[in-house]
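Report on the structure given below.
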Amino acid sequence: MATWLDRFTGQKYLLSDEQLNGIRDSVAQAVAAILRNQSTPHAQANAAAEWWQTDYYERVFPLRFGRQPQGAFTEGAQLGYASADGALALPNNTQWRTAFLDGLRLPPILPAETQPDVGNPYLLAADHHLATAALLNVCLRRAGVSDDVLHEARLGALLHELIDLPAVRDALQGLPLATALAQYLKGETADCPDTLRPYQAIIDAIHRGQAPASLEGYPFCLVGLAAQRIKQYVFETPGLPEIRGASLILDAVVHQAAEEVAEAIGRECILQRVASTLIFLAPEPADWEPRLKRRFYEATQVGFCAAAAAEVALQDYLQQYGACMTRLLKALDADRYRAELPTWECMPFETRCAYCRKRAATGFTRSPDGDLMPICPACDAKRDKGDADERRTAGEQLLRDAGIENWRELLTEPSKAFAGGLNEMVPGSDEAEQKKQVAFIYGDGSNFGQITKNLDSLALSLQWTRRAELTVRAAVALALSRSMHDALRDQTTLQRMPFEVLVIGGDDFSLFVWSRLAMRFCEQFVRLTDMEFEKGVVAECIVGETPICFGVGCLISDEKAPVYRVVEFTESRLLKFAKRGVKAHERGAIAFLYTTNADQVPSDYADHLQRNYRKEARVGKDNAATVPVYLTMQPLTAPELDAFLQCAQAIVDNGQLGSLQRLAEPFVRQPMSAALLHFAYQQARAQSSDDRRAFFEQIMSLQASDGQGTRAPLFPIRALRRITVDNDTATPRYFAPILDLLEITKSLR
């Protein structure tokens, strides 16, 4: 029996010996197949590293949920582990994933044989192989070994725990040094290969993850490139093609730089390539900083980046990993503050760009209406990158992740699947133009920075980086698919796909969606990420009791709302409000605001909450004292939002939105006593009508936890233990959350 500890949740996983051997055999077969397709040791090492970095991690993460069909769409569902004394056992006759989100198959967890803590093995084979190969690569390069020796050594390090399997041994035929090093690291032989014997001390230190005090020298470099002020670059123009194009340009810059690093040094040396950030190992600084900056500025023209290299010693990196990474981050900060940004000046006689409206135009482009528009080079590059073909590539990847195989059947014109403007996300209807509602959703991980601070090795850092990235990617895809399923029940065809993803990063994401998808998307995303990071044994978790979850902000407005204003408000106000809920609930939380147009987006959100969501009411008939009553329960958890959504959907299906609005209006405009009296009066009248009675039965069935472990009806008013719009302390207060229900119901129209 083998065990593996998930250090990020404190959950243990159990595998039988038969299961472990089956996983090892399948991994060996897959790696051997890709090695046979390469002709040189350098290419083979890169291919093996890429397989560990991409294919293997995509099969393992996310750990707790998978993808199951839901009609033409899919949804996220909990994986079927068996409970065994507080651990999760992989059941007999398990089918292993062979691709990302492979149905409800289970992840092929393969613990590394070399562990920092033998009693609680928490590294995966991919973590250990990649970390060992990366450090060995840069140290041997710095020591001046030949390329032939170097690449065989990389191969041996990347495959050493599988060298006892025939598939891997056969794939390494003709590479005696790689085979000998792998056998030495595996422990099959006691002697280091003669060619590498001068470097045995560093090989042993790297493999064990522990450097003896006598080990001195062996320096190498940490190199980083990070885009700065991303929002300023991405959202400086309001058009969707330019916004999407800017995002794609940033992704392309990082991808191209990573490919250059992979070819020049080795793919295993790429430690992080996500969210417009690239971090990698290099044997020496060389000219990486100016090369990275030159590539970035040539691509963006007006972007802002920081690049730096920090030299560290192998001993320090193995023993003080966090301090070494902090050194790189400080170097990046220093470079950021030294940066000289380009000055853009538009003379009085020059025509300004019609898109950014601040730089001088140097040419013309055609608008969607066919008009010639003056444009500057930077905006022209964004529009070119954000054209339909580029957006299609990114959109189709998300649909593949979601498992929506027949997505073309949803469209009237499959060749034009993705929107040219925000208004095109909304399916055509008989409604007036101003009724086209679009939502911007921004999600960000909570306490992820604390995890990063507690990482104590390169191997564990690689595991966390890929896990965070793949969990967000999976949750976004499945939440989008489920929300499309719910929103399109009465919609047979679409002109365009009702979403546009801007960023899916390591711990955050942002996207535009048709408003009807927004609330269900938020609920599903938070539900899935809460499921993934549910705690096991708290003492074994890298951050203890601190919850690992997401805050999500969602602003619904019309498609004409200024994009930068929408983004800024969602991130700085709604997301911040959601993070308050994360702290109080100790799980993911959602904050949202429904507006019919941009004029309703408040300039002072705190004041808006106080004026519109907080009322005063008397306590008792003869008591002059008043207490606050809140018309919102925000921020909401996923189960709470799900309950509201089910009630709201029933109201929409029965055409009772007008009744709900008339019921809610007194809560906003009248004293609380008058609003409650109106509610009771309408509820009594409803007994004479089946439709009206069903309407109130639906509302009165909505329940939530009262903070004491029991569930109780919410309407018309209820005492709950939770935070409020004006207080972060979770204490019993009165809530009448009818505005939550009304706004959620409006979003589903």
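Using modelled atom types and a 3.5 Å distance limit, the side chains of Gln646 and Asp642 yield a donor-acceptor pair. If you check the side chains of Asp401 and Gln397, you find a donor sitting under 3.5 Å from an acceptor.
Not one N or O on the side chain of Thr471 forms a donor-acceptor pair closer than 3.5 Å with the backbone of Ala468. Counting only distance, with no hydrogens or angles, the side chain of Asn46 and the backbone of Ala262 share a donor-acceptor pair below 3.5 Å. Within the 3.5 Å criterion, the main-chain N or O of Arg59 finds a donor-acceptor partner in the side chain of Arg97. A side-chain donor-acceptor contact under 3.5 Å links Asp17 to the backbone of Met1. Of the possible donor and acceptor atoms, one in the side chain of Gln44 sits under 3.5 Å from a partner among the backbone N and O of Leu35. Distance alone, capped at 3.5 Å, places no donor-acceptor pair between the Gln115 side chain and the Asn120 backbone. Between the Glu268 side chain and the Arg154 main chain, no donor and acceptor come within less than 3.5 Å of each other. When atom types are taken as modelled, the side chain of Gln272 and the backbone of Gly224 share no donor-acceptor pair closer than 3.5 angstrom.
Distance CG/Leu502 to OG/Ser510: 4.5 Å, rounded to 0.5 Å. Atom CG of Leu175 and atom CD of Glu152 lie 4.5 Å apart (nearest 0.5 Å). One distance of note links CG of Leu172 with CD1 of Ile163; it measures 5.0 Å at 0.5 Å rounding. Distance CD/Gln463 to OG/Ser457: 9.0 Å, rounded to 0.5 Å. Met519 CE to Phe644 CZ: the interatomic distance, rounded to the nearest 0.5 Å, is 12.0 Å. Here the CD1-CZ distance, from Ile548 to Phe448, works out to 7.0 Å after rounding to the nearest 0.5 Å.
Nearest heavy atoms, Val168 versus Leu162: CB-O, 3.5 Å. Taking both residues in full, the closest heavy atoms of Val312 and Arg327 are given as CG1-NH1, 3.5 Å, listed atom of the first, atom of the second, then distance. In plain terms, the two heavy atoms of Leu462 and Ala131 that are nearest each other are CD1-N, 3.9 Å. Considering all non-hydrogen atoms of both residues, Phe521 and Val476 come closest at CE1-O, 3.5 Å. When all heavy atoms of Ile203 and Cys192 are compared, the closest pair comes out as CD1-SG, 4.1 Å. Closest approach of Thr277 and Ala226 over heavy atoms only: OG1-CB, 4.1 Å.
A salt bridge does not link Arg400 with Glu405: none of the charged nitrogens is closer than 4.0 Å to a carboxylate oxygen.
Ring geometry for Trp464 versus Phe8: interplanar angle of 30 to 60°, hence tilted. Aromatic ring pairs are classed by plane angle as parallel below 30°, tilted from 30° to 60° and perpendicular above 60°; the pair His129 and Trp52 is parallel. Relative ring orientation between His128 and His160 is described as perpendicular, the plane-to-plane angle rising above 60° on a 0-90° scale split at 30° and 60°.
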Take Gln200 and Leu196, measure what side-chain contact (heavy atoms from CB on, under 4.5 Å) needs, and give me the verdict at the end. CA-CA 6 Å; Gln200 183 172 353; Leu196 295 173; over 6 Å; no
Take Glu469 and Arg273 through the side-chain contact (heavy atoms from CB on, under 4.5 Å) test and state the conclusion after the steps. CA-CA 10 Å; Glu469 177 189 355; Arg273 188 188 68 186; over 6 Å; no
Where do Arg482 and His485 land on the side-chain hydrogen bond (donor to acceptor under 3.5 Å, both in side chains) test, with the steps shown first? CA-CA 5 Å; Arg482 169 63 191 275; His485 171 270; 4.7 Å; no
After noting the C-alpha distance and the side-chain angles of Gln95 and Asp102, does the key distance pass the side-chain contact (heavy atoms from CB on, under 4.5 Å) rule? CA-CA 10 Å; Gln95 290 185 308; Asp102 189 8; over 6 Å; no
Working for salt bridge (Lys or Arg N to Asp or Glu O under 4.0 Å), residues Glu75 and Arg67: CA-CA 6 Å; Glu75 66 176 351; Arg67 184 180 68 200; over 6 Å; no
Asp456 and Tyr321: side-chain contact (heavy atoms from CB on, under 4.5 Å), yes or no, with the steps? CA-CA 5 Å; Asp456 57 5; Tyr321 172 80; 5.5 Å; no
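Between Pro547 and Phe533 the shortest side-chain heavy-atom distance does not fall below 4.5 Å. The closest side-chain heavy-atom distance from Val31 to Leu158 is not below 4.5 Å. Contact check for Leu222 versus Leu281: side-chain heavy atoms found under the 4.5 Å cut-off. Side chains of Asp204 and Tyr184 form a contact here, defined as non-hydrogen atoms less than 4.5 Å apart. Considering only heavy atoms from C-beta on, Thr114 comes within 4.5 Å of Glu161 through its side chain. Contact annotation: the side chain of Leu480 approaches that of Leu398 to within less than 4.5 Å [non-hydrogen atoms, C-beta and beyond].
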Contacts table for residues 534-546: side-chain donor-acceptor under 3.5 angstrom, sequence neighbours left out:
| from | atom 1 | to | atom 2 | distance (Å) |
| --- | --- | --- | --- | --- |
| Lys535 | NZ | Gly544 | O | 2.7 |
| Lys535 | NZ | Thr546 | O | 2.7 |
| Thr546 | OG1 | Val543 | O | 3.2 |

Could you give the side-chain donor-acceptor pairs of residues 524-532 under 3.5 Å, partners two or more places apart or in another chain?
| from | atom 1 | to | atom 2 | distance (Å) |
| --- | --- | --- | --- | --- |
| Gln524 | OE1 | Arg527 | NH2 | 3.4 |
| Arg527 | NH2 | Gly76 | O | 2.8 |
| Thr529 | OG1 | Phe525 | O | 2.9 |
| Thr529 | OG1 | Val526 | O | 3.2 |
| Asp530 | OD1 | Gly588 | N | 3.0 |
| Asp530 | OD2 | Gly588 | N | 3.4 |
| Glu532 | OE1 | Leu63 | N | 3.0 |
| Glu532 | OE1 | Arg64 | N | 2.8 |
| Glu532 | OE2 | Leu63 | N | 3.0 |
| Glu532 | OE2 | Arg467 | NE | 3.1 |
| Glu532 | OE2 | Arg467 | NH2 | 2.9 |

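In this view, Pro639 and Arg587, Thr637 satisfy the side chain to side chain contact (heavy atoms under 4.5 Å, CB included) rule, not counting sequence neighbours. Evaluation of the side-chain hydrogen bond (donor to acceptor under 3.5 Å, both in side chains) rule for Arg36 yields no partner, not counting sequence neighbours. For the side-chain hydrogen bond (donor to acceptor under 3.5 Å, both in side chains) test, residues two or more places apart in sequence or in another chain that qualify with Thr74 are Ser481. Evaluation of the side-chain hydrogen bond (donor to acceptor under 3.5 Å, both in side chains) rule for Tyr57 yields Asp127 as partners, not counting sequence neighbours.
More than 12 heavy atoms of other residues, nucleotides or ligands shown are found within 6.0 angstrom of CG on Asp117. Within a 6.0 Å radius of NZ in Lys186, other residues, nucleotides and ligands contribute more than 12 heavy atoms.
Ring-centre distance between Tyr13 and Tyr81: below the 6.0 Å cut-off.
Test Val138, Ile206, Leu135 against Tyr317 for side-chain contact (heavy atoms from CB on, under 4.5 Å) and you get one pass: Leu135.
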